[in-house]
Amino acid sequence: MVRARFAPSPTGYLHIGSARTFIFNWLYVRRQKGTMVLRIDDTDVERNTEASLNSIYEGLEWLNLGWDEFYRQSDRLDLHRQLAYRLLEEGHAYRDFTPAQAELEDRKPSDGPWLCHPEMRALSREESSRRAQAGEPFVIRYRVPRDTPREVKFQDLVYGAQTKSAADIEDFALLRSNGMPTYHLASCADDIDLKISHIIRGQDHISNTYKHVLIFEGAGTPAPQFAHLPLLVAPDGAKLSKRKHGPVVSVTTYRDNGFLAIGYINFLCLLGWSPKDNREQMTIEELTAAFSFEGVNRSNAVINFSEEDPIDPKALWLNSQHLRTIAVETLTPQVRATLAKFGLTPYGDEEHFAHVVEVTRARFTTLLDFPTKGRAYFADDFEMEPKALEKLEAPGAREMLRELAGRIAANLEFTEASVEAELRKLAVEKGVKAGVLINASRAALTGQSVGPSAFAVFLCVGRERVIARFGKA
RNA sequence: GGCGCUAUCGUCUAACGGUUAGGACAGAGCCCUCUCAAGGCUUAAAUAGGGGUUCGAUUCCCCUUAGCGCUACCA
């Protein structure tokens with residue numbers, strides 16, 4: 001039974017890299033018919049914020065993939081402490097009474113890594129208990145085996161066999177002097193208790209994994225399977241950070257820019273993973289069916305963005321592909337919601353609205369295009385672009401549009417075919433090319449020189465508004 | 001500094017020893033056309049450098065270089 005977890009710590013908004021980690025976990029779990037656990041890793045009381053937690057929920061909610069079980073580490077502190085004390089009892093850990101500050105000063109990065117305080121490691125059980133009982137503050141550290149040389153190993157589903165000499169691993173902290181578990185302890189204790197079978201996370205955890213393997217070993221539990229994912233980085237190769245790269249690293253930015261969740265998910269999946277058959281645009285079902293760790297590659301992926309173009313062009317392209325291919329019924333509610341944010345409501349009934357969406361979406365990229373570029377389909381107060389004005393100012397164009405309006409008003413029928421027939425007939429009568437009238441119509445109807453087939457626009461706008469807009473042109 | 005991971009077009013990637021090194025986005029051009037998209041076609045663009053192994057290396061090994069990660073009582 002596959003059980004994977006996504007374990008964000010609420011110290012910032014939901015990061016694009018975290019989102020991808022969540023998605024990969026989710027795809028693997030769904031593929032294997034397993035269980036997806038959402039666990040909030042909030043043991044760092046100093047840095048946790050409620051705002052961050054909300055931002056994480058907001059992001060996950062938008063992704064709309066869901067999860068099966070939910071936990072907060074702060075509700076499980078006793079479990080973590082129990083493991084720390086058990087490791088202490090069994091000699092896999094020891095108390096370190098060195099004050100936190102002094103420790104920092106001790107360390108000189110120039111001469112190799114800090115490994116441990118030998119005196120503390122050597123403290124007798126009795127002495128250790130005595131000092132603890134006397135109220136002296138201490139941290140519990142893992143006693144990394146270093147008496148005899150040995151290798152710590154694990155098999156990574158993405159990176160293959162990994163080994164590191166235990167001599168290069170420091171005696172890391174498990175329990176802080178304030179009684180709070182560290183990430184390593186809490187994470188492993190919970191992974192054991194929640195029977196996590198697969199740990200799928202960022203590659204920045206590879207070095208930590210050796211420590212975790214040691215904890216599992218000390219706890220006498222077989223380690224889960226590990227799958228590390230390459231990192232998502234900025235165009236300059238640097239780690240993505242809010243301070244340096246701004247809101248482009250937050251999931252909600254894409255949502256607020258009118259992305260479809262599937263467009264965003266699809267884009268993220270293609271960063272560091274490939275179905276290996278040249279497919280690019282994929283539905284969530286296709287992604288689930290195709291996902292495997294074989295397809296995950298090992299080098300970091302650059303998200304292509306700049307000051308001028310804050311969104312990766314490929315993300316935009318993928319989104320536009322989904323925008324024009326998903327079922328209209330799934331799209332219309334989202335368009336309606338987006339319009340509402342701009343104070344707009346669709347004309348006509350649901351069927352008509354669906355038709356307007358169908359006609360316009362082929363040249364839109366994000367949901368935001370509906371209320372902006374597509375404003376004329378939902379409101380009368382739209383801008384007249386200079387290029388459109390030129391089309392309207394073609395000799396005699398305005399008069400012909402009024403003439404056309406009159407004929408449309410008089411006609412019984414109002415279909416693309418009838419409008420086209422009427423327009424072409426008028427063009428012949430006036431001795432102008434049909435294109436002149438067609439372009440002038442589009443300009444008068446939408447304020448734009450570009451857009452869908454003009455005859456489709458007539459229908460989208462509706463007979464009354466066509467007449468009105470031609471009258472005002 | 002120590003330890004670890006990585007290295008194919010500008011970007012995302014395919015090619016698990018033999019290919020004219022493939023696809024996609026972005027760029028350029030053409031076709032289509034009532035405009036703009038879409039779509040179709042064409043074009044430019046890559047195996048970091050050096051050694052091995054091999055009949056043959058993008059692919060396996062070593063070195064160099066570069067990037068990234070970890071090196072906290074952060075996660």
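Letters A, B, ... mirror the listed sequences (proteins, then strands); counts begin at 1. Everything numeric here is computed off the predicted structure, so don't read it as measured data.
- The gap from the C1' atom of A24(B) to that of U8(B) amounts to 15 Å, rounded to the nearest Å.
- Whole-Å rounding puts the Leu175(A) CG to A72(B) P distance at 18 Å.
- Between the CG atom of Asp312(A) and the P atom of U11(B) there is a distance of 12 Å, given to the nearest Å.
- The aromatic ring centroids of His212(A) and Tyr183(A) lie less than 6.0 Å from each other.
- Of all nucleotides present, none satisfies the Watson-Crick or G-U wobble test against U35(B) with each distance under 3.5 Å.
- Rounded to whole Å, the separation between the P atoms of C3(B) and C63(B) comes to 12 Å.
- Here C12(B) is the nucleotide among C25(B), C12(B), A14(B) with the atom lying nearest to any side-chain atom of Leu270(A).
- Comparing U53(B) with G10(B), their C1' atoms sit 35 Å apart, to the nearest whole Å.
- Across every strand in view, U19(B) sits unpaired, with no contact that passes the Watson-Crick or G-U test at under 3.5 angstrom.
- A 3.5 Å limit on both hydrogen-bonding distances identifies G2(B) as the Watson-Crick or G-U partner of C70(B).
- In this structure, Arg95(A) is not positioned above the aromatic face of Phe97(A) in the sense of NZ or CZ being under 6.0 Å from the six-membered ring centre and within 45° of the axis.
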**Request:** Please report the C-alpha distance between Phe293(A) and Tyr28(A) in whole Å, then the side-chain angles of each, then the deciding distance to 0.1 Å, and finally whether the ring pair (Phe, Tyr, Trp, His ring centres under 6.0 Å) criterion is met.
**Result:** CA-CA 9 Å; Phe293(A) 294 118; Tyr28(A) 185 69; 4.6 Å; yes

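- Dashed line: the shortest gap from a side-chain N or O of Thr43(A) to OP1 or OP2 of A75(B) is under 4.0 Å.
- Here salt bridge (charged side-chain N to carboxylate O under 4.0 Å, His left out) pairs that include residues 314-326 of chain A, with residues two or more places apart or in two chains, are Glu280(A)-Lys314(A).
- Remark: the separation of the C1' atoms in U20(B) and A15(B) is 14 Å, to the nearest Å.
- Base engagement by Asn208(A) is indicated by at least one non-hydrogen atom pair under 4.0 Å involving a base atom.
- Listed candidates were C73(B), C12(B), C68(B). Nearest to the side chain of Leu231(A) is C68(B).
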**Complete:** Counting primed atoms, P, OP1 and OP2 as sugar-phosphate and everything else as base, the B/S/- map of nucleotides 30-39 of chain B against protein heavy atoms under 4.0 Å is ----BBBBSS

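- Counting only residues at least two apart or on different chains, no side chain to side chain donor-acceptor pair (under 3.5 Å) pair has a member in residues 290-311 of chain A.
- With contacts defined as side-chain heavy-atom distances shorter than 4.5 Å, the pair Phe370(A)/Thr360(A) qualifies.
- Donor-acceptor pairing under 3.5 Å is recorded for the side chains of Thr415(A) and Ser418(A).
- By the 6.0 Å and 45° rule, Arg39(A) does not stack over the aromatic ring of Tyr71(A).
- In this structure C41(B) sits in a base pair with G29(B), meeting the Watson-Crick or G-U test at under 3.5 Å.
- Salt-bridge annotation for Lys387(A) and Glu390(A): absent, with no side-chain N of the basic residue lying under 4.0 Å from a carboxylate O of the acidic one.
- Using a 4.0 Å heavy-atom distance criterion, Gly272(A) is classed as a sugar-phosphate-only contact.
- Comparing Pro313(A) and Pro181(A), the nucleotide of RNA chain B nearest to each residue sits closer to the 5' end for Pro313(A).
- Among the heavy atoms of the strands lying under 4.0 Å from His205(A) is at least one base atom, whether or not backbone atoms are also near.
- Nearest to the side chain of Lys239(A), among C73(B), G69(B), U71(B), sits G69(B).
- Between the side chain of His15(A) and the backbone N or O of Gly17(A) there is at least one donor-acceptor pair closer than 3.5 Å.
- Atom-to-atom, CG of Asp277(A) to C1' of A15(B) comes out at 13 Å; the value is rounded to the nearest Å.
- For the ring-ring contact (aromatic ring centres under 6.0 Å, His included) condition, the pairs that include at least one residue of residues 422-461 of chain A, sequence neighbours left out, are Phe458(A)-Phe470(A).
- When rounded to the nearest whole Å, the span between CG of Leu318(A) and C1' of U11(B) equals 13 Å.
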Protein-nucleotides 4-9 of chain B N/O pairs closer than 3.5 Å?
none

**Asked** Yes or no on salt bridge (charged side-chain N to carboxylate O under 4.0 Å, His left out) for Arg363(A) and Asp369(A), after CA distance, side-chain angles and deciding distance?
**Response** CA-CA 9 Å; Arg363(A) 57 216 80 211; Asp369(A) 288 334; over 6 Å; no

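- Of the residues Asn208(A), Thr209(A), Asn25(A), the one that meets the side chain to side chain donor-acceptor pair (under 3.5 Å) test with Arg201(A) is Thr209(A).
- Protein atom CG of Asp236(A) is 12 Å distant from nucleotide atom P of U11(B), rounded to whole Å.
- Using atom P as the reference point in both G23(B) and U43(B), the two lie 10 Å apart (nearest Å).
- Enclosure of atom CD in Glu136(A) by more than 12 non-hydrogen atoms of other residues, nucleotides or ligands within 6.0 angstrom is indicated.
- With both pairing distances under 3.5 Å, U59(B) is matched to nothing as a Watson-Crick or G-U wobble pair.
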Any protein N or O atoms within reach of nucleotides 19-23 of chain B? Criterion: under 3.5 Å, listing atom names and distances.
{"residue": "G22(B)", "atom": "N2", "partner": "Asn278(A)", "partner atom": "OD1", "Å": "3.2"}
{"residue": "G23(B)", "atom": "N2", "partner": "Glu280(A)", "partner atom": "OE2", "Å": "3.2"}

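- When both pairing distances are held under 3.5 Å, U54(B) makes no Watson-Crick or G-U pair with any nucleotide shown.
- Contact annotation: side chain of Asn304(A) to base of A26(B), donor-acceptor pair absent below 3.5 Å.
- Taking atom C1' on both A26(B) and U11(B), the two are 8 Å apart, rounded to the nearest angstrom.
- Residue Ile303(A) contributes atom CD1, which lies 17 Å from atom P of A26(B) at whole-angstrom precision.
- The base-pairing partner of A7(B), taking Watson-Crick or G-U wobble contacts with both distances under 3.5 Å, is U65(B).
- The C1' atoms of C16(B) and U35(B) are separated by 49 Å, rounded to the nearest whole Å.
- Rounded to a whole Å, the CZ atom of Arg201(A) is 13 Å from the P atom of A75(B).
- Between the C1' atoms of C62(B) and G18(B), the separation comes to 24 Å (whole Å).
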**Request:** Show your reasoning for whether ring pair (Phe, Tyr, Trp, His ring centres under 6.0 Å) applies to His228(A) and His205(A).
**Result:** CA-CA 7 Å; His228(A) 287 93; His205(A) 284 290; 7.2 Å; no

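- For the pair Asn266(A) CG and C25(B) C1', the computed distance is 13 Å after rounding to whole Å.
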